[in-house]
Every structure is written in C-alpha cells, then in structure tokens.
Amino acid sequence: MTDTLSVEHLNLTFENENGAVLALDEISFSLARGEILSLVGESGCGKSVTAMAIMGLLPPGSAKISGSIRLGPTNLLDLNEAELRNVRGNRIGMVFQDPMTSLDPVHTVGMQIAEVVQRHRGADAKAARSRALEMLDLVRIPDARNRLQAYPHELSGGMRQRVMIAMALACNPEVLIADEPTTALDVTVQAQILELIGELKSELSMSVILITHDLGVVASTADRMMVMYAGRIVEEGPVERVFSRPSHGYTAGLLQSLPGYGSTLRSHLTEIAGSVPRLDHRNPGCTFAPRCRFATGHCNAPLPDAHEIGANHRSLCIRDTAVFEAISNHEIVRAWA
Amino acid sequence: MAIIESAVPSHPVGPLLRHMGRNRAITLCCLFLIVLVLLAIFAPVVAGDPLKIDPAHRLSSPEAGAIWGRDHLGRDVFARAVYGTRVSLLVGFSVAILTTVFGVAIGVYAGLSRIGGAIVMRLTDAMMAIPAILLAIAFASILNAGLLTVIIAIAIPEIPRMVRLVRSVVLGVRSQPHVTAAISIGTSGLALIWRHILPGTMGPVLVQATYACASAIIASAVLSFLGVGISPEVPSWGGMMADARSTFRVQPVLMLYPGVLLSLLVLAVNILGDRLSDTLDPRKSRRTSL
Amino acid sequence: MTGKPFLSLRGISKTYAMGPARLGGPVRNLHAVDDVTLDVLPGETLGLVGESGCGKSSLARMIMQLEPPTSGTMVLKGRDPAELGNAALKEARRDFQMVFQDPYASLNPRMRARAIIAEVLRNYRFGTPDQINARVEELARQVGLSAHLLDRFPHELSGGQCQRVGIARAIALKPRLIVADEPVSALDVSIQAQILNLIVELQSEMGLTLVFVSHDMSVVAHVADRVAVMYLGRLVEIGPSSDIFSRPLHPYSRTLLAAVPRPVPEARQRHASARGELPSPLNPPSGCHFRTRCPLATERCSAERPQLRSIEGARQVACHHADADAVGVHVTENLHA
C-alpha cells in the first residue's frame, strides 16, 4: 500500500505572552490510500490542531511548527500561502463540525460547489455547474437538480453536511479530513452520514482522516485509529487490534468510562480522575500518568518511543501488559477478541 | 478553537491594567483626555483671560502673551480654546451620563416587558425619525438658553438610540442559560436585572455612551456654531469656529485650532470606547491583543 | 405503576406562533410539545430521549415553570405550580431544580463560583453570611469541587468543574426533583463518567426524583428506571428502561437505538440507518408523525393519530402496528435490508 499522506516528527508550539504551549509533540503517522484513519481524543488533545496543521490553517505568527507533512512527494510545510491554497480544497478536502457556519448563507449551494471547481480546476461556468450537480448526486441528495438552487438555510442539518462533503470532494482530493462531521447531527442522521463517508471512500478510493471523540463512530467507520492525549499519539493501530487489546492507560480509561458496557443500572462508572493537563507545564514522562490508574513511579521518567504491541499496533505506555490484563474482561474488549 | 481547557487563576483587575499598559492606542487616548480634563479644570492657571477684548491686536500672530495669536476681537485664542474645553467636556460627559442612565432604565424595561416594550419602541421610532440636530435645535430654542439647556437638548435625541440598543441586548441576555438558571433558583425582580442582566449589557452600553459623548461634543459645537444655546461670549470651540469663519481668508489657523482639537477629542473618545468594550468583557480580556 | 406520582403531566402542549413563511402568509404554529401525558414516581429516574426538535427540552422547561404550557395541567406535590402566585411559586421552586446542558453558559460569567452557589441560598434566606459560606463549602465538598476553586470565575474552570458548580447550585436547597437537561452532553467522555457518577450518588444520598433529558441512549440506559421516547413533540413510547432498550416496540424507538454507533464489532457490518430525515416540525406529517420514515406505515397511519396505549403491563406505545411480535421481526428486516 502506498501512503497518500505521511506526517513525520510534527511538533507544534503556540507562543503567547504567557509562554510556549506545546500543542503537538512528535506526531508521526501515515495515511494509506483508501483507508479511514480515525483520530480519537478529548477536547484539547491535539486532534483538530493536527488537521489544521495539515491544511496549513494555523495562525502564522504564533504557531511554530517543525517536522514534515508529505502529500505525495511535496512537503506541505515548505509551501507558501498561494501554493497551499491550491492544495486546500483541491488535493485535501475538509468537512467541519458545523455545516451551517461553514457554508455561505447568501449563495446557493450549487454556486458554492461550482465556485470551488472553477477556482481549482479552471473549469468554465457550465462545466462547473454540471460538476456541482454530479457531486450532489454523488452524496445522495434526492432531487439534486432542484437542490442546486437551494440556500443553506433551506436544507436540513444532514443535507447541509452532505453539501459540505460534496464541496470537499468536488475536485477529487486525495485526502478528506472530516473534523467531528456528525457531532452536531442527530443520531439517525449521523448514521446516514457515516455510511455515506464509508461508501464514498470505497467508490473514490480516497483516504479519510476522521476526527471524533466518539468511540462508537470509530468502531463503526474507521480502519485504523490513533488515540491522542495532550498533544501526543498514545496508541495507534488497526481498529480491531486496539479494541481487542487496549494497550494504553488512557485508551483503557476511555473504554471503561463509557456507560452501558458491563455497567449495570446506576453502577459506579470507572472514571478518569482529574482533568486534561495544561500543555505549558508538562512532565517529562507520560502526560497521562497523573490521571492513570496503572501508573507507577517509572511513568514519570522520560518515556521511551512507542513500542510495537502487535502488527501495526503501537503504544507509548510502558505498563501496557498491566493495562490489558486489567481490562481484558471488559465487555467491549471481549466483544472484539 | 479550544486548545486546552486550562484553569489559570487570575485577578480581574490585573489583566485590565496589563492590557492597558500593552495597548498603545488606549494609553494615548487616555493621556490626551487626561490632559484636556486637566486643562479644563486648571484653565485659569494655564491660560489668560479668554474674554478680554484687545482691539489693538486684532488677528495678531502668535506672541508671548497669546501663543496661538488673537482673534477678530483681539481675544487670546489659546485661552479661548482652553476654556472651550470646559464646554465640550462638560456637555460630552453629561450627555453620556444622562443618556446612559435614562437609556438603560427605559431600555431594560422595554426589553423585559412585552407591552411596555412595544409602546416604548414606537415612541423611539418616532423620535428617531427626526434628525437629532434638528430636535436639539428645537429643544434649545424652546428652553431657556444656557449650558443645562444644551445638555438636555442634546441628550434627548440620544436617548432613543441607547434605548434601542439596550433593549436588543437585554432580549439577547435574557435568553442566555445563566439567566434561565438564575430564574430557576428563585432570583427575580431587581436582583435578576442588577446581577444577571445589566452586567451583560455594560460592554455595548459603554461603547454607545462614548459615541453619545462624542456626538454630543460635536452637537454642542454645531449648536454654538449656529449660535443656538450657549451665549456667544462663553468660549466654546463651536463659537470660535463660527467667529473664525468671517476671517478665514486672513487667518485660517483660527478655524484650525478648535477644529483640530474637536476632531482629536472625538477620535480619542471613540477609540477608547471601542477598545474598552473588548477589555471589560471577562471572557475576552485574556484573548484580545490589539 | 405503583405509588402516587411525584409529578404528573396531563395533556401538556406548547405551541409557538412563528412568523409567516412569506409576507402576508398565514401565521404558522410550531407544536413543540403536543399533548404529553406522563407520571414521574417519587425517587425514580425518568429518561426523556429523542432527537433535536422533539420537544424534550421544552417539556423540561415547562416542568421547571420557566415557561407556561399552552394547554394541559401539571401536578407537582399535589398542586399545579402554574396556578401559584409569584411568592408561592418562588417557595415551590425549593422542591424542583435544574441542571443545564451547557455547564459554562449556565453560570453567570461575572460571578465567582462561590457567589453563584451562594445566590440560591441568599434568595431563600438560608442564614447569616457565615452560615451561607459554610453551606457553600459543604456543598462544594459534596459535589467534589476543591474549596480553592470556589474563588474562580467560570471561565477559569474546566467544563466538568463548571458542571459541578451547577449541580451544587441545584442541590443547595435539598430539592425533591431535579430536571437534568443534557447534563453531560457538552462534556468530554472521561468527564462524563465523573458527572454521571456524581448525579447517581447524589440521587441515592438525597432520595431525589430525577427527570433526565438526553439524546445519548447509553447515558439514559445507565441512569434511568423508565424511559420516555419523544418524536416531533409527541410521546411515542414510555416504559421500563430495560424493556425499551432490549426490545423497543415503537418503530421510531427501534430506529433510534439501531442508529447509535456502538464500539462493538457488529457496528462495522450493520448499517441500519433510518430512511429520510426529520420532517419540519412546522409542517409535520398527518396522523402518525413518524409514518414518512416508518417501514410499517399504512394508510391508517396517515389518517389517524395513534394514541398512547398500554401494552405488556407497564409499557405504553403510540403506534397502530406495535402489537404482534411478528411485526417486530418485520421491522428489523426492513431496517437492515
């Protein structure tokens, strides 16, 4: 399998008057052609910032970035703003959480899709329009011809998100980044959109980065997952592998804190104590150690690099065996075994 | 975008002061205003007699006794400009205060009462249909001449603007979850308004008050320029400009001094209002850097 | 059902008059809540579930006397709070309190945590400032908020800490009923478990009756004794939570439950998304509101509104076709076809 996108040793620091905040710490991963890679984590873990870094959307002044983001042979970090604009929307498409704020309320959706095609592909107005119609059909919008004339407010949330996907895919990008694409949607609509993303991935053989906080979304949609915590990738691997052998204290904590799996009515949920740490005062060891039930004194010492747990399955956790032993009986883990 | 849910202890006044220290525009405007206020208060110390007529030195160039020269009656232009500051500032600040007090009271009422709100809104619509300066001229000519008249005449057309603004802000604040929460724990009446609704309106009100102040300064100059309101011998920037009009070809600087002062003052007040509204919002205070 | 209900709603409706769709058009009515009748027993947790616009939050606000119902009556502790005068209503509010969805926005940004909790005590003349202060600190301990956090403003607290302040405020007067409107949906997964545990603990300690509004089925399954499912303003199914989650009878309940992405391997195969999207609440389908998306719909469903009827003892369903078990099989087939 060839890698469409590969990120290596990405470090990102935000500087403000109160000092430097290390938002991304040695992020390395690759995205194969035709796979859905899911970035999982809580707010502030760096999953959205990773997407912004790939898209070149970080504020230029305050963000210090190092490492490389390769799309094919090009390192996106070497590109200037004009070249980046040609990558965004053309070679990498992006879908955001809230489709209403990402669409222009005063233009019809047909015009907005056509504009993307015209800008990046230099297509004439007529070709762009027919491409827009084709895209609306592709994302299964019923009665697409008439919907070209619709304004965003005339569409439901699910339809708007379909339009966003159509826009993101209009130029046949190699990579689609979907940042919490279904968080603002209702459950029944969420299922439809996830299904659509999965189908389009196969049809167009594109690569997808799916950012979410919902392990259910990961399990039902993604091929591979990366669990992020406080700017680091703490565990990554194929979805079946990670769920069947959780190997980081944080992954285990996330699984155990889900209500409804192995818990009975109003039983005590295993919570992750405390809250997300501040990124400007990090300890040299495991950033999760202060909240981790499995932590020992060794966890506060500088950590070795992520080690292989199994095929393509890596974890930063030095206590991975203890973690797995403790959680191996959990309902979700057993379901995947 | 939330980078991190950080929890940093902070002191509410600290950021304000630091922000002001960092912000050159605010510092400059404040300094300028302070200088003008001091000039206005200590006018007798700083400047000579603004009323003394000296026909022998009419339209004379700057000299030791009158550093900005003399006007068509031989009066000291610098002294008149300094004393004129008094009128401008007094009118500006008084109108701002009057507008805020009445505008907020009526606006909050209009925002909370359905029927009362509808009536108040129609009244403000009617008042706003008449140009403010016309309304001010009308009031100024009905009432007795004097500073108080000018202040009232300018404040009355300003109040509807404030009422409208406050009402729309109150309508927004009222539906915020924290206000709902306050109602659900039994907070009502004045306590609800004072603690939960008014603080949320202060940012926009402050900005509007500074605009009212700025436009009142201009309006008072216009009234003096037109010769309505304050009697002509009381030194005011508008009056000075009116006087300078006749001698504009001979001594154009006479127009320039009060004109530039007026523009700078209005500019300073406006900038201050804009920037302060950002600073005073507790949620924005940490983020804004201008 | 046994025992006298703590709260009963009889035919509660809420209609909002919306502006006409175009100038001079007819005024449109939005039936946010449509003829809801239900009882809440003392000490139980009633889960209220449904998608956006189903009226669950509106119903919560009416129970809290934050807005009056357009029609219908409510009995809380033997009287209808809507008939009370201002002073009596304020007194009655001691018994029912609310926990809000957005932990940050439901706290006054200009007040410190201490003042926020103290306000409710002062409103009800709890005692001297010292007594109030002591009670605030006791409440903070009870909700697991360290005392030093009491002197912070909401924006200096994390989401979980803000929600703890909100809960402390709600329990300050030792109410009998807590209406929790999506209390954990704005929180990160790890914090969700903390807050759920806290709510469950407080409930058993204080013998609270709980109305728990949520769109998250697994959360409701974890806390609720009984569940009421709403769709477009109407109650479509109500019954013991174990029954509803294991064998939902109303086709909508089935759709809703099937759509929840679950972190289990079956989620990868089963794409059981519902057909279509939520119709506009301004112009709902005639008869049964769900018929446009329902695999069982017949002509009767468009002609006649299904009434809530008892089925299998404690369960109630508003569906013409929810009887036979054979029908249940049919639904599942349709959904998964």
Side-chain angles (χ1 to χ4, degrees), chain B residues 1-16 19 112-114 169-206 277-288, chain C residues 60-61 63-67 86-87 89-94 96-112 115-125 148-149 151-162 165-166 169-170 172-173 175 179 181 186-188 191:
Chain B
M1 193 180 53
I3 301 298
I4 181 170
E5 247 190 305
S6 70
V8 204
S10 89
H11 310 281
V13 187
L16 177 71
H19 188 86
L112 295 180
S113 148
R114 265 184 82 129
V169 175
V170 166
L171 287 179
V173 173
R174 198 179 63 167
S175 59
Q176 280 175 8
H178 76 83
V179 177
T180 313
I183 295 171
S184 76
I185 58 165
T187 310
S188 57
L190 280 178
L192 186 71
I193 294 173
W194 186 251
R195 241 180 277 151
H196 299 283
I197 294 179
L198 268 191
T201 65
M202 279 305 116
V205 163
L206 194 75
S277 78
D278 291 343
T279 316
L280 289 179
D281 189 326
R283 286 158 296 191
K284 282 189 194 158
S285 62
R286 284 191 305 163
R287 276 184 268 138
T288 38
Chain C
R61 290 172 60 86
I63 295 173
M64 281 303 299
Q65 305 300 314
L66 292 168
E67 52 188 287
N86 280 341
L89 178 61
K90 182 180 171 185
E91 208 40 46
R93 282 192 191 281
R94 281 173 178 274
F96 50 96
Q97 287 293 316
M98 190 157 179
V99 176
F100 295 85
Q101 171 170 14
D102 187 333
Y104 172 66
S106 60
L107 306 179
N108 188 330
R110 289 171 179 77
M111 285 165 77
R112 291 169 200 271
I116 290 170
I117 304 174
E119 182 176 20
V120 59
L121 297 168
R122 261 193 254 123
N123 284 345
Y124 290 89
R125 307 194 193 292
H148 72 277
L149 297 175
D151 290 311
R152 294 200 181 165
F153 287 98
H155 70 261
E156 297 162 349
L157 298 171
S158 70
Q161 289 163 344
C162 281
V165 173
R169 169 174 66 183
L173 296 171
V179 176
D181 186 4
L187 303 173
D188 277 322
I191 310 298

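Per chain, numbering begins at 1; letters A, B, ... match sequence-line order.
Most heavy-atom pairs under 4.5 Å with chain B: of the set C/R122, C/H148, C/E119, this distinction falls to C/E119. Taking C/R169, C/M98, C/M64, C/Q65 one by one and counting their heavy-atom pairs under 4.5 Å with chain B, the maximum is reached by C/R169.
Only the side chain of C/R61 comes within less than 4.5 Å of a heavy atom of chain B; its backbone N, CA, C and O stay farther away. Contacts between C/L107 and chain B at a heavy-atom distance below 4.5 Å involve the backbone alone (N, CA, C, O).
The two atoms that bring B/S184 and C/F100 nearest to each other are OG-CZ, 4.0 Å, heavy atoms only. Of all heavy-atom pairs between B/I185 and C/N123, the closest is O-ND2, 3.1 Å. Between B/H196 and C/N108, the closest heavy-atom pair is ND1-ND2, 3.0 Å. Of all heavy-atom pairs between B/A181 and C/S106, the closest is CB-O, 3.6 Å.
Panel note: side chain C/D102, backbone B/P177; no donor-acceptor pair is recorded below 3.5 Å.
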